[in-house]
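Scroll down for the structure; my scribbles are underneath it.
As the structure is a computational prediction, the values presented were derived from the model and not from experiment. The figures here come from the full heavy-atom set of this structure, side chains too, leaving out hydrogens, waters and symmetry mates.
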Amino acid sequence: MSSAEAISQHFLKSTDDQWLETYRTNVMGQFFTAMALLPLLAEGTTATPGYTSSVVNVSSISGAMKGSSSGQFAYASSKAASTHLSRMLATTFKDTKVRVNTIAPGIFPSEMTTGKSDEGNKSELSSKIGNPAGRGGHDSDMAASILFLAGPGGVFYNEQILYPDGGATLAQPAVT
């Protein structure tokens with residue numbers, strides 16, 4: 001689309017409620033969950049010597065990409081907000097010794113990326129992905145990211161963003 005009128009008409013079809021629902025899920029949900037669990041997380045920090053409790057929020061590479069994320073403005077901007085919220089929470093929680101980090105994955109199989117899922121809520125990517133790895137993410141890629149950040153290996157990490165994306169941020173314009 002290159003016509004200003006066509007672009008405007010197309011994107012004005014989205015509604016306030018669609019935007020609000022996306023932000024409620026991707027930003028407000030993370031905020032209120034982290035705040036509600038902070039006292040418990042802070043207690044956990046003192047339970048195991050050398051270990052600190054952790055909040056790991058899942059954002060998306062879409063929140064860092066400069067493009068239009070295939071026209072998903074509400075989703076991409078909410079993920080950018082989610083990532084920034086995590087950085088603000090890390091700063092706010094620093095004196096409680098509760099760490100906050102973010103996983104911003106690239107393309108993984110999901111209903112959003114494939115349009116469907118099976119009875120086990122699993123999806124399968126059917127096309128080649130345009131990242132240096134040449135594939136979408138696997139469950140094990142996401143598991144490794146969360147286990148690293150939440151486990152003993154991630155104790156020295158705070159306010160960090162991991163991009164399990166197969167190198168997509170190398171191949172496409174992004175902000176880091």
Side-chain angles (χ1 to χ4, degrees), residues 22 25-66 69 75-114 117 120-125 128-176:
T22 301
T25 300
N26 295 339
V27 183
M28 294 169 66
Q30 290 182 349
F31 174 79
F32 287 107
T33 300
M35 289 301 178
L37 294 175
L38 180 60
L40 183 61
L41 290 166
E43 272 185 48
T45 292
T46 61
T48 306
Y51 181 79
T52 58
S53 296
S54 178
V55 172
V56 180
N57 286 325
V58 178
S59 180
S60 170
I61 192 175
S62 293
M65 304 306 284
K66 293 179 184 179
S69 291
Y75 176 79
S77 64
S78 75
K79 291 302 187 172
S82 165
T83 299
H84 189 70
L85 170 69
S86 295
R87 297 179 83 181
M88 294 172 71
L89 291 172
T91 302
T92 302
F93 294 177
K94 71 177 174 16
D95 293 333
T96 71
K97 306 298 185 220
V98 173
R99 298 172 293 116
V100 182
N101 292 295
T102 303
I103 300 173
I107 296 178
F108 277 71
S110 68
E111 285 185 7
M112 189 177 87
T113 57
T114 67
S117 63
N121 202 28
K122 292 291 183 182
S123 302
E124 191 173 316
L125 294 167
K128 186 175 177 181
I129 304 301
N131 62 27
R135 66 170 177 86
H138 296 153
D139 290 350
S140 59
D141 299 318
M142 187 60 77
S145 298
I146 186 66
L147 289 172
F148 168 67
L149 288 174
V155 170
F156 201 58
Y157 288 75
N158 198 357
E159 197 214 1
Q160 301 301 302
I161 305 165
L162 288 187
Y163 293 98
D165 66 0
T169 53
L170 297 171
Q172 298 176 22
V175 176
T176 58

Partners meeting side chain to side chain donor-acceptor pair (under 3.5 Å) with [X] (sequence neighbours left out):
| X | value |
| --- | --- |
| Asn26 | Ser78 |
| Ser77 | Tyr23 |
| Thr83 | Ser59 |

Tell me, which pairs form a salt bridge (Lys or Arg N to Asp or Glu O under 4.0 Å) where one or both residues lie in [range], sequence neighbours left out?
| range | value |
| --- | --- |
| residues 153-163 | Arg87-Glu159 |
| residues 27-51 | none |
| residues 33-42 | none |

Give a yes or no on whether Tyr157 atom OH has more than 12 heavy-atom contacts from other residues, nucleotides or ligands under 6.0 Å away.
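Check fails, neighbour count at 12 or below.
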Closest heavy-atom pair and its distance - Ile61, Ala168:
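The pair with the smallest heavy-atom distance is CD1-CB, 3.8 Å.
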Quick one: closest heavy-atom pair of Thr102 and Ser86, and the distance?
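Result for this residue pair: OG1-CB, 3.0 Å.
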Spacing of CD1 belonging to Ile103 relative to OG belonging to Ser60, to within rounding of 0.5 Å:
12.0 Å
Could you give the distance from OG1 (Thr92) to CG (Leu85), rounded to the nearest 0.5 Å?
9.0 Å
Show me the side-chain donor-acceptor pairs of residues 143-155 shorter than 3.5 Å, one per line, residues at least two apart or across chains.
| residue | atom | partner | partner atom | Å |
| --- | --- | --- | --- | --- |
| Ser145 | OG | Asp141 | O | 3.1 |

Listed by chain and number, what are the side chain to side chain contact (heavy atoms under 4.5 Å, CB included) partners of [X], not counting sequence neighbours?
| X | answer |
| --- | --- |
| Lys97 | Thr45, Thr52 |
| Met88 | His84 |
| Ala80 | none |

Could you go through the side chain to side chain contact (heavy atoms under 4.5 Å, CB included) check for Asn101 and Leu162 one step at a time?
CA-CA 8 Å; Asn101 292 295; Leu162 288 187; over 6 Å; no
Under 3.5 Å, sequence neighbours excluded: what are the donor-acceptor pairs made by side chains of residues 28-38?
| residue | atom | partner | partner atom | Å |
| --- | --- | --- | --- | --- |
| Gln30 | OE1 | Ser82 | OG | 2.6 |
| Gln30 | NE2 | Val58 | O | 3.1 |
| Gln30 | NE2 | Ser82 | OG | 3.4 |
| Thr33 | OG1 | Gly29 | O | 2.7 |

